**Student:** 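Supplied in C-alpha cells, the structure appears directly below.
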Amino acid sequence: MNVLEIRDLGVDYLSQSGAVHAVADVSLDLRRGEILGLAGESGSGKSTLANAVARLLRPPAAITSGSVVYHRQDGTAVDVLALKRDELRAFRWKELAVVFQSAMNSLNPVSTVGAQIEDVLRIHAPKMSRNDRSERAVELLQRVGISADRRRSYPHELSGGMRQRAAIAIALALNPEVIIMDEPTTALDVVVQRDILHEIRALREEYGFAVVFITHDLSLLMEISDRIAIMYAGRVVETGTAEALHRTPRHPYTLGLLRSFPRLHGPREELLGIPGTPPDLRSLPPGCAFHPRCGRAVEECSTRLPLLTRGPNGSDGSDGEVACLLNGGRGVEETS
Amino acid sequence: MRFLARRLGFYLLTAWAAITLNFLIPRLMPGDPVELLVARMKGNVEPEAIDAMRRAFGISDASLWQQYLDYLGNLARGELGRSITFFPTEVSTVIADSLPWTVGLVGVATLISYLIGTSLGVLMAWRRGTWLDGVLPAATFMHAVPYFWVALALVFVFGVTLQWFPVSRAYGLDVMPGMTGEFAASVLYHAALPAVTIVIASMADRILGMRNVMVTTLGEDYVVMAEAKGLTSRRVMWAYAARNAILPNITSFALSLGFVVGGSVLTEIVFSYPGIGSMLLKGVENEDFPLMQGIFLVISLAVLVANFLADLAYVVLDPRTRQESE
C-alpha cells in the first residue's frame, strides 16, 4: 500500500555552464504510515528531492523527468507533478505537509504561533468558525506539548525545541497523509532531539501519517525509521529496512557511513571515515559516482553505472535494493 | 514599554542638544544681524537706531548663560525672534504661515510615493523574471535624476507647452482663501505638478529599496513554508513576505517624513510654492539669521519626532523589539 510513488525523478539546476543533475533517476515508494529515512551527505540531493515532491522547487531548479503519484485513502491516484495551481494549493498541507530544517526560519517572525496554525485552517477549511479555529490551534499545540497560553507567543519567544514542536503542530493541522521532515532535529541539542523523535513516533501511531525523514545522521535514522534510503550524488544507492541496513549494509558507502561513528557498547573498533570529499555534481566521475572514494572499487566501477537492483537484503522478505557492481551486483558482503 | 521610555529619553536629550547648538552657533559666529542691517544701509544709521534695533532683535551684552536662559524661556513661549526679511513679522508667524503648505504638499506626496513605490517594489520582487523587471532600469535612471530637473521638465511640458496646470503659487489669485470647495479645488489644482514631481523623483528609491529587501525575504524558509501550506499567493506575498520585508524600510520612510518639514526646497522654488523651503531660501538670501535659526530648529525637531514615530511603528510591527532586554 504505497501512499507516494516516485518514479525515475530527475531534477536539474540549470546554470550558464550547463545543467547540474541534483537528483537523477530516483525511484522510491512511501508506504502508508511508515517512516522512510532519507540519508546522505550535504549535496547528495535529499532536500532537492523532498522539495521536488512538494513542488517547492524554484528556478533555476527544475524537474526534468519522472513522475510522483500520490494515492488517496479512497484509492484514487493523483499525479502530483501535473497538478494545476488551485489543485496544488488544495493538495498542499491537506495531503502533504512539510516540516522544515530550522524552525527558527520556517516560522513567520511577525506572527504568533497560533495565527500561523489558524491561517492554514482559514484557507483550507473556510467553513470553520473563528472559535473553532482557535480551539483547534490550542488542541494541536497541546498535542505536541506546548501549553495553551503559548498560542499568543511569537516564534522568538519560544525555545528551539518548542519552535520545532510548533512547526510540527502546524504540519498536523489538516491531518495530512504524508509529512516530509527535512532535518527537523538538526539544529537541536541531543536531549531535545530525542524528545522530538519520540513525539514524532507517538504522533505517527496516533494519526497514521507517513513520514519522509531527511537527515545526514544515519544513526538517528536507524532509530526512528522503518525503511531507509541512502543517497549519493543525486542517486539512491541503497534501500532496505533499518534493521537490514544496520546489520548487513550492501553498499560500500553505507558501510562507510555506519563505520564513521563510534559505538557506545560492544567491542572497540577503529573508526573508519569515508576518504575524500563528496563529488562535484557539475563533473561527476564516470561509472559509479562513488568509485574514487571506494576502497573496493574494481576497474568496471569507473566505466559502468550500477543500477538499483533488488539485492540480497530483499530475499528475506524485505525489499532491499542496492546499486553496486561488486559481487555480481549484490554489493559488499560483510557486516558493519 | 521600557524600550519606548528609553527611546523617549534619548530623543529629549537629542532635542536639548539641537536647541542648544541652535543657540550657540549664531552667537559664536562673528557679527550679528544688526551689523548686517547696518552694513546693508551702508552705515547711514544713527547710533540710537542701532541701539533700538539691537533691542528689537534681543541682542544684549548679558552673559552667555543669561542669554541662554532667556532663549529657553522665549522658546517655551514659542518666541523665535523677528524675521529680518519680513521685518517686523515674528519668525514663528512666518513659519506657521508656510509650514502647512509644505506639510500638505510634501507630506501627502511623500506618502503617495511611499505607498505606490513600496507596492511596486513588492510586486516586482514577486514577479521577478517577468516583464516587470523592465521597470528596474527605469527606476535606477529615475533614482539618479534630481528633483529640480523633474520639476523643470514638468513645468515645461505640462505648464508652459500644454498649459494644463499652473506653474506657480499655491492657489489661484481669483479665489478667496477659506473653507470653500472652490478654494480647495484651486489648491489641489496648483499642488498637482509639484506633488507629481516629488512622487516621481522619490518613488524610485522606494521601489528599489523595497524590491531588494523583498527578494531576500522571498528566499526565507517561512515564505517557502507559507507556500507549502497552500496559502493563496496574495497572502504569501503580503502577510508573509512583504510584512517582513517592510521592516527595514520603515526607518528610511520615517527619515523622509522628518525631512518633509524641511520642505522639498528645489521643488518649492521651481514652482514658487509658499512653503517652508521657499522661506528658507529667502532667509539665506537675506542673511536672515533668526528665520534660518527658527526653520532649522523646526526641521531638527521634526526629524526627531519622525524618528520617534518610526520607533513606535517598529514596536507595533515587529514583535521582536517588544522584548524587554534583561
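Throughout, protein chains are lettered first and strands after them, A, B, ... in sequence-line order, and every chain is numbered starting at 1. In this text the structure is predicted, and so the values were computed from the model without any measurement.
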**Student:** Any side-chain heavy atom of A:Ser106 sitting closer than 4.5 Å to one from B:Glu220?
**Tutor:** no
**Student:** Inspect the surroundings of NE2 in A:His71 and state if more than 12 heavy atoms from other residues, nucleotides or ligands are less than 6.0 Å away.
**Tutor:** yes
**Student:** With chain B, which of A:Arg89, A:Arg122, A:Lys94 has the greatest number of heavy-atom pairs at distances under 4.5 Å?
**Tutor:** A:Arg89
**Student:** Between A:Val110 and B:Arg320, is any pair of side-chain heavy atoms under 4.5 Å apart?
**Tutor:** yes
**Student:** Go through the atoms of B:Ala226 and report whether side chain, backbone, both or neither lie under 4.5 Å from a heavy atom of chain A.
**Tutor:** neither
**Student:** Let's test your reading of the structure: which of B:Val224, B:Val223, B:Leu247 forms the most heavy-atom pairs below 4.5 Å with chain A?
**Tutor:** B:Val224
**Student:** Measuring from atom CG of B:Leu231 to atom NE2 of A:His124, what distance do you get when rounded to the nearest 0.5 angstrom?
**Tutor:** 6.5 Å
**Student:** Given B:Lys229 and A:Ile170, is the side chain to side chain contact (heavy atoms under 4.5 Å, CB included) satisfied, shown in steps?
**Tutor:** CA-CA 9 Å; B:Lys229 274 156 100 174; A:Ile170 298 175; 3.9 Å; yes
**Student:** Check salt bridge (charged side-chain N to carboxylate O under 4.0 Å, His left out) between A:Arg58 and all other residues, then give those that pass, not counting sequence neighbours.
**Tutor:** B:Glu227
**Student:** Less than 3.5 Å apart, any donor N or O on the side chain of A:Asp119 or B:Tyr240 sitting next to an acceptor on the other?
**Tutor:** yes
**Student:** Is B:Leu317 close to chain A through its backbone or its side chain, or both, or neither, when contacts mean heavy atoms under 4.5 Å?
**Tutor:** backbone
**Student:** Looking only at atom types and distance, does a side-chain atom of A:Arg92 sit under 3.5 Å from a main-chain N or O of B:Ala228, one as donor and one as acceptor?
**Tutor:** no
**Student:** In a table with atom names and distances, give each donor-acceptor pair under 3.5 Å that connects a side chain of residues 210-218 of chain B to protein atoms at least two apart or in another chain.
**Tutor:**
from	atom 1	to	atom 2	distance (Å)
B:Asn212	ND2	B:Leu208	O	3.4
B:Thr216	OG1	B:Asn212	O	3.0
B:Thr217	OG1	B:Val213	O	2.8

**Student:** Find the one option among A:Ser111, A:Pro109, A:Ala90, A:Ala171 whose heavy-atom pairs under 4.5 Å with chain B are most numerous.
**Tutor:** A:Pro109
